[in-house]
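Data block below; observations after.
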Amino acid sequence: MAGGTEGKKPGTKLVGAGRRQEWTGPVVNPPVWRASTHIYASEADRKAGGPQPKDGKFYYGRQGAPTQWALAQALTELEPGAAGTMLYPSGVAAINGALMSVLRPGDVLLISDNSYEPSRIMATGFLKRWGIEHRFFDPLDLAAYQALFCERTKAVWLESPGSLTMEVCDIPALTDIARKRGAVSLIDNTWASAIGFPALQRGCDISVMSLTKHVGGHSDLMMGSASAGEKFYRRLRQTSQQMGNVVSPDDAALALRGLRTMGVRLERGMQTAITVAQWLQSRPEVAAVHCPLLEGDAGFELWQRDFTGGCGLFSFTLADANLEQRAAFVDALKLFAIGYSWGGYESLALPYDAAPIRNTMAIPGSAKSDTSEAMSIRLSIGLEDPADLIEDLTSGFAAMKDI
């Protein structure tokens with residue numbers, strides 16, 4: 001049976017976190033506890049539970065059972081500085097739950113202009129309807145960011161690297177400004193996870209992840225999480241319970257299974273991504289590669305300073321291409337499937353146009369395209385052999401020439 005993980009390295013934590021003896025019994029993994037009703041031994045036992053049951057105490061199905069508790073504790077142990085973690089039925093639900101726990105009508109939310117599109121839609125749609133104002137900012141322009149703060153600014157939403165175009169921003173500097181102005185800093189930390197970027201140690205108050213991606217790792221579950229220190233964890237927990245968020249024990253078991261191998265998958269994907277990205281840099285069909293793992297990338301120095309790892313997600317912009325050529329490139333791929341999401345064991349390719357969802361930031365590579373928008377593609381590198389992935393991409397470039 002695994003021992004405590006305090007003070008251990010990330011790989012050891014991934015193996016042992018959340019495996020409490022009372023939850024696993026004589027087996028390696030906690031069993032799948034499927035239950036809506038929790039049974040009490042006596043009326044005194046029921047009353048002792050109270051209306052706000054503590055973590056790890058049986059009460060009712062919405063508060064989970066050992067399968068969900070083990071996953072939440074494991075994620076907490078992986079996030080330095082966290083007091084607890086809440087689980088949500090999807091990554092977007094985690095974004096919503098985290099923001100709703102710190103915002104109220106009349107507040108202002110500052111949101112990084114390279115954030116994941118559903119995060120943007122959360123600000124411009126759901127939160128706006130509840131009377132919460134949003135202001136987009138360029139996370140690479142600290143002066144402009146600081147100028148956006150006002151007395152009503154209560155939260156800042158961050159993402160690094162940024163969605164699609166992969167800019168790395170100075171999280172410690174951004175969160176320091178927010179703290180001095182009395183605002184809460186939240187971050188979508190899905191790309192590197194806590195083992196590659198200790199978000200709370202870098203100044204963030206709440207760290208959100210889509211567990212659908214690397215934690216699940218097999219493209220077979222939907223889930224999200226939010227981790228925080230004691231002050232904000234209490235808010236997360238209260239808001240989540242009031243909104244009725246709950247994850248299935250079967251999905252929690254899948255996430256726990258994926259978590260144990262996440263470290264080796266992240267490392268393999270990252271190393272293959274570097275190989276593929278370097279090869280793409282040599283191709284005449286490519287205008288720019290957006291990958292902070294590469295020395296010389298605009299975000300490399302900040303990544304090297306603040307991160308201890310990464311993953312296989314990056315993007316690139318085609319040179320002098322049009323929509324038909326980009327479609328031909330993607331359609332010719334056999335190993336790279338076309339699909340949303342990422343972080344699974346299989347490689348994916350997704351054409352994207354960042355211009356329609358940018359308010360303050362320039363679009364990398366757009367000046368080298370013969371269209372008004374950069375012809376770009378995001379790659380999620382899986383566990384295939386890098387030589388085979390390069391061969392597949394080569395066939396894509398060949399198909400472009402026929403258009």
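All figures in this text were calculated on a predicted structure; none of them were measured in a lab.
- Residues S376 and S315 have side chains that never bring a donor and an acceptor to within less than 3.5 angstrom of each other.
- Note that the NZ atom of K128 and the CD1 atom of I121 stand 13.5 Å from one another [nearest 0.5 Å].
- T85 and S225 form no side-chain donor-acceptor contact under 3.5 Å, judged by distance and modelled atom types alone.
- Checked by atom type and distance alone, the side chain of N96 never pairs as donor or acceptor with a backbone atom of M122 at under 3.5 Å.
- The pair D170-R305 counts as a salt bridge, with a side-chain nitrogen and a carboxylate oxygen less than 4.0 angstrom apart.
- For Y233, there are no ring-ring contact (aromatic ring centres under 6.0 Å, His included) partners two or more places apart in sequence or in a different chain.
- Remark: side-chain polar atoms of T360 are paired, donor with acceptor, to backbone N or O of D138 under 3.5 angstrom.
- Taking the side chain as every heavy atom from C-beta outward, P89 and M223 never approach each other to under 4.5 Å.
- Within a 6.0 Å radius of CD in E295, other residues, nucleotides and ligands contribute 12 heavy atoms or fewer.
- Side-chain atoms of R62 and Q241 form no donor-acceptor pair, as typed in the model, at a separation below 3.5 Å.
- By the 30° and 60° cut-offs, the orientation of the rings of Y145 relative to F149 is perpendicular.
- Remark: R265 does not engage E267 in a salt bridge, criterion side-chain N to carboxylate O under 4.0 Å.
- A donor-acceptor pair is defined here as one N or O able to donate and one able to accept, closer than 3.5 Å; no such pair exists between the side chain of S112 and the backbone of P139.
- K213 and S210 share a donor-acceptor pair across their side chains, judged by distance under 3.5 Å alone.
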How far apart are the C-alpha atoms of W157 and Y116, what are their side-chain angles, what is the distance that settles it, and do they pass the ring pair (Phe, Tyr, Trp, His ring centres under 6.0 Å) test? CA-CA 11 Å; W157 183 262; Y116 176 52; 9.4 Å; no
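- For CD of Q201, the number of neighbouring non-hydrogen atoms (other residues, nucleotides, ligands) closer than 6.0 Å is greater than 12.
- A side-chain donor-acceptor contact under 3.5 Å links T190 and D188.
- Looking only at atom types and distance, the side chain of R358 has a donor-acceptor partner in the side chain of T165 under 3.5 Å away.
- Note that R120 lies in the cation-pi zone of F136, set by a 6.0 Å cut-off to the ring centre and a 45° limit from the axis.
- With hydrogens and angles ignored, the 3.5 Å screen pairs a side-chain donor or acceptor of R19 with a backbone N or O of V28.
- Within 6.0 Å of the CD atom in E6, the count of heavy atoms belonging to other residues, nucleotides or ligands does not exceed 12.
- Contact between E79 and P198 at its shortest, heavy atoms only, is OE2-C, 3.8 Å.
- Note: W33 and F58 have tilted aromatic rings, judged against thresholds of 30 and 60 degrees for the angle between ring planes.
- Salt bridge D176/R181: absent, no basic N to carboxylate O contact under 4.0 Å.
- Of the possible donor and acceptor atoms, none in the side chain of S163 sits under 3.5 Å from a partner among the backbone N and O of E159.
- Using a 30° and 60° split on the angle between ring planes, W191 and F307 fall in the perpendicular class, above 60°.
- What you find for A173 and L142 is that their closest heavy atoms are CB-CD1, 4.0 Å.
- Listed here is the closest heavy atom pair of L211 and L87: CD1-CD2, 4.1 Å.
- Under the 3.5 Å distance criterion, the side-chain polar atoms of Q68 are matched with a main-chain donor or acceptor of A65.
- Shown here is F397, whose CZ atom has more than 12 heavy atoms of other residues, nucleotides or ligands within 6.0 Å.
- Looking at L348 and L379, their side chains never come closer than 4.5 Å, going by heavy atoms from C-beta outward.
- When the shell of 6.0 Å around CD of E151 is examined, it contains 12 or fewer heavy atoms from other residues, nucleotides or ligands.
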